[in-house]
Amino acid sequence: MFKKHVDVKALQRLSGADKKKLRRTAKERFPQASDADLDAILPPKVVEVTVAKYPNRVLVYGIEGEFPMLFDIDGRGHELFPTVYALWKVPDLLPAFTLKGGEVSRFILGGADLMFPGISIPPEGLPSFQPGQPWSVKVPGNPAPIAVGATTMSSNEALKAGDSADGRYVPNEGFYEDIVVEDPNYASPSQPADSSEDHVEGMHDSTIEGEEAAVDVSESHTTDHDIHVEAVEDLTAGVSEVKLPEDNATEEPTEEREHQNLSTEEIDSLLDKCLLQALHTSVKDKDLPIPGSTLWSNHILPCRPTGVTLDIKKSSHKKLSKWLQSKSSAGLISSKEDKHKKEVMLLRINRGHPDYMAFKPEKRVQEPVVQHDNVVAEGSSTKQLEVAEIYKPSSHVNPIFMAVGADTSKYYSASEASDIVFRYVEKENLVKQTDKAKVVLDVALCDALYKGAIKKGSAYPTEIHKRDLGSTFLNRMQIHHRVARGNEVVIRKGAIRTIQIMTERRQGNKKMTRLSGLECFLMDPDSLASELQKKFACSTTTAELPGKKGQHEVLVQGGVIDDLAKHLVDHYGVPKRFIEVLDKTKR
């Protein structure tokens, strides 16, 4: 891993068609990147883009005479990543994990993979992601990323494993002062870059051994170990000095308390405290039974002190199942192992237990969670859109609402309606004594859930599982949807219809994109048509849908299906789940 020549197999300029193909690949690989972001790393038309081919099949793309911007590990576009320098120009090109501090960053800068315990989890929890998605890595207080890689597990798997997750979380594919960032003349055949051949191989290897490329040992008299330590320490010290181009904004570093030296007894005590806090504040009887993994990730981990790493493996119990079974033996909870799922289930909470009665829960201020689905892009003149499904009591469920004193003329959210039926169950004491997970149906509740839905001659159910009670109750109510944009609010009966975007071929093999369903989201088709005409520099028109009076569609010349969907999300705040796309031009 010492400085030496890197052999470049070939260097060539990309043709116009290849540049367009690379841009399309980058857009698919980095879905949250805007056109302006892609223009920053792949300028259109004016400059030349070069590609360097290495013997290990790695391709490195760069702007001629400047730093490299992208590298392709497998040479086929399936594992395309931006260089760290490209991320300095466009920090939000990729979603980012934030490290817990300098102690973790020094290993990342040395080429180590990012492990789950090294990630600082925000108060709102981990965002949703899937395996194989590209992510960048940042340190607290600095928007400039220091590494890039791809996730090895999904967010659901990560939440289920919690802080006890083992293994590589984001394999390090490129890092600060790596060869593709260090030398603008990275691929000149006449003047090869000085660095380790292993650095280029490190872009496709799952483990990068170190960062000695910044150290020339030809004139050094120190040992190999001293060289490695000095290099990593120099890089760690330099991370805080990394600044984004033309960006003077600074962020205050996040203060986190380090609790790395807790004894086994202290960890056991902290686990008990977090469990009692969760049982008092977030775990409700109506949610039972719940899997142990859900209890851990959704209830116990959020109750830990800020900056504290909670690892069940460092406790005296070693496993989550053994810890829950010990609490069941103590009488605080009732748990049972599900042989099919091979997981311990929390069945009941003994709220009369002395430990539960003596514990005083802490009052914590919940930070508001940003609902990204309904956020309109900054700088847009369009007002924020809010979409929600609501329910109105029907004649079937009116007796249940009246029994608990609830208004039958109001609209309720799904959670509010579910609370109504559970309030009725609690009021009438309908929980089955021999099985707390089930509810016994009295005459009123049975009619509310099943009257008119059971075939003649069939017997009515006498009990229902708690997990099915809420959804069955909602199905007996009248579904409506509420759409609000600024001061304009509309409530309509039925489920909300999606916006449909369809591209098809017309005469002369030309493409036409159709857009319909805009009225449901308080959007004017004529105004949108004029806006799209300027944005895409193409012809647009509107037409009334056949057989649907008052409903119009927007016709846009060309195949702009992806750009159009992104425009509706970014500038009108339409949630992605309410947009359907269909490309009939693809065979």
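Atom CG of L532 sits about 7.0 Å away from atom CG of L515, to the nearest 0.5 Å. To the nearest 0.5 angstrom, K511 atom NZ is 13.5 Å from C538 atom SG. To the nearest 0.5 Å, atoms CD (Q133) and OG1 (T151) are separated by 5.5 Å. The distance from the NE2 atom of H480 to the OH atom of Y391 is 11.5 Å, given to the nearest 0.5 Å. Once rounded to the nearest 0.5 Å, the distance linking OG of S418 with OH of Y412 reads 13.5 Å. Taken from CZ in F473 to CG in D419, the straight-line distance is 11.0 Å, to the nearest 0.5 Å.
Side-chain atoms of R482 do not come within 3.5 Å of backbone N or O of A388 as any donor-acceptor pair. Between the side chain of H396 and the backbone N or O of M477, no donor-acceptor pair lies under 3.5 Å. Of the possible polar contacts, one joining the T25 side chain to the K21 backbone as a donor-acceptor pair under 3.5 Å is found. A donor-acceptor contact shorter than 3.5 Å links the side chain of R476 to the backbone of A448. The backbone N or O of S471 lies less than 3.5 Å from a partner atom in the side chain of N475, making a donor-acceptor pair. Within the 3.5 Å criterion, the main-chain N or O of D92 finds a donor-acceptor partner in the side chain of Q32. Within the 3.5 Å criterion, the main-chain N or O of V556 finds no donor-acceptor partner in the side chain of T541. Of the possible polar contacts, one joining the R485 side chain to the F521 backbone as a donor-acceptor pair under 3.5 Å is found.
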Apply side-chain contact (heavy atoms from CB on, under 4.5 Å) to the pair W135 and V137, showing each step before the final yes or no.
CA-CA 7 Å; W135 281 68; V137 179; over 6 Å; no
side-chain contact (heavy atoms from CB on, under 4.5 Å) between V490 and L522, intermediate numbers included
CA-CA 8 Å; V490 174; L522 307 182; 3.6 Å; yes
Dump the intermediate steps for side-chain contact (heavy atoms from CB on, under 4.5 Å) on D72 and V58, then the final yes or no.
CA-CA 6 Å; D72 187 355; V58 174; over 6 Å; no
side-chain contact (heavy atoms from CB on, under 4.5 Å) for T83 and L70? Distances and angles first, verdict last.
CA-CA 5 Å; T83 64; L70 301 169; 5.8 Å; no
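Residues satisfying the salt bridge (Lys or Arg N to Asp or Glu O under 4.0 Å) criterion with D562, sequence neighbours excluded, are absent altogether.
Side chains of M69 and Y61 form no contact here, defined as non-hydrogen atoms less than 4.5 Å apart. V84 places none of its side-chain heavy atoms less than 4.5 Å from the side chain of I146. When side chains are defined from C-beta on, D583 does not count as touching M502, because their heavy atoms never get closer than 4.5 Å. Counting heavy atoms from C-beta outward, F71 and L59 have side chains that stay 4.5 Å or more apart. Under the 4.5 Å side-chain criterion, counting only non-hydrogen atoms from C-beta, T50 is not in contact with Q12. Counting heavy atoms from C-beta outward, D35 and K27 have side chains that approach closer than 4.5 Å. Using a 4.5 Å cut-off on side-chain heavy atoms (C-beta onward), E553 and L555 make contact. Here the side chains of V397 and Q478 are not in contact, with every heavy-atom distance at 4.5 Å or above.
Side-chain contact annotation: S15 with D18, donor-acceptor N/O pair under 3.5 Å present. Using modelled atom types, one finds a donor on one side chain and an acceptor on the other under 3.5 Å when comparing E580 with T498. A donor-acceptor contact closer than 3.5 angstrom is absent between the side chains of T542 and H552. Looking only at atom types and distance, the side chain of D37 has a donor-acceptor partner in the side chain of S34 under 3.5 Å away. Between the side chains of H567 and E531, at least one donor N or O sits under 3.5 Å from an acceptor N or O. There is a side-chain donor-acceptor pair under 3.5 Å between T513 and T503.
The aromatic rings of F129 and F97 sit perpendicular, their planes meeting at an angle over 60°, well past the 30° parallel limit.
Judged as a salt bridge (Lys or Arg N to Asp or Glu O under 4.0 Å), not a single pair has a partner in residues 516-526 (not counting sequence neighbours).
Using a cut-off of 4.0 Å between Lys/Arg side-chain N and Asp/Glu carboxylate O, R514 and E504 are scored as salt-bridged.
The cationic atom of R497 (NZ for Lys, CZ for Arg) does not lie both less than 6.0 Å from the six-membered ring centre of F578 and within 45° of the ring axis.
Closest approach of D407 and P393 over heavy atoms only: O-CG, 4.3 Å. In terms of heavy atoms, P145 sits closest to P91 at CG-O, 4.4 Å.
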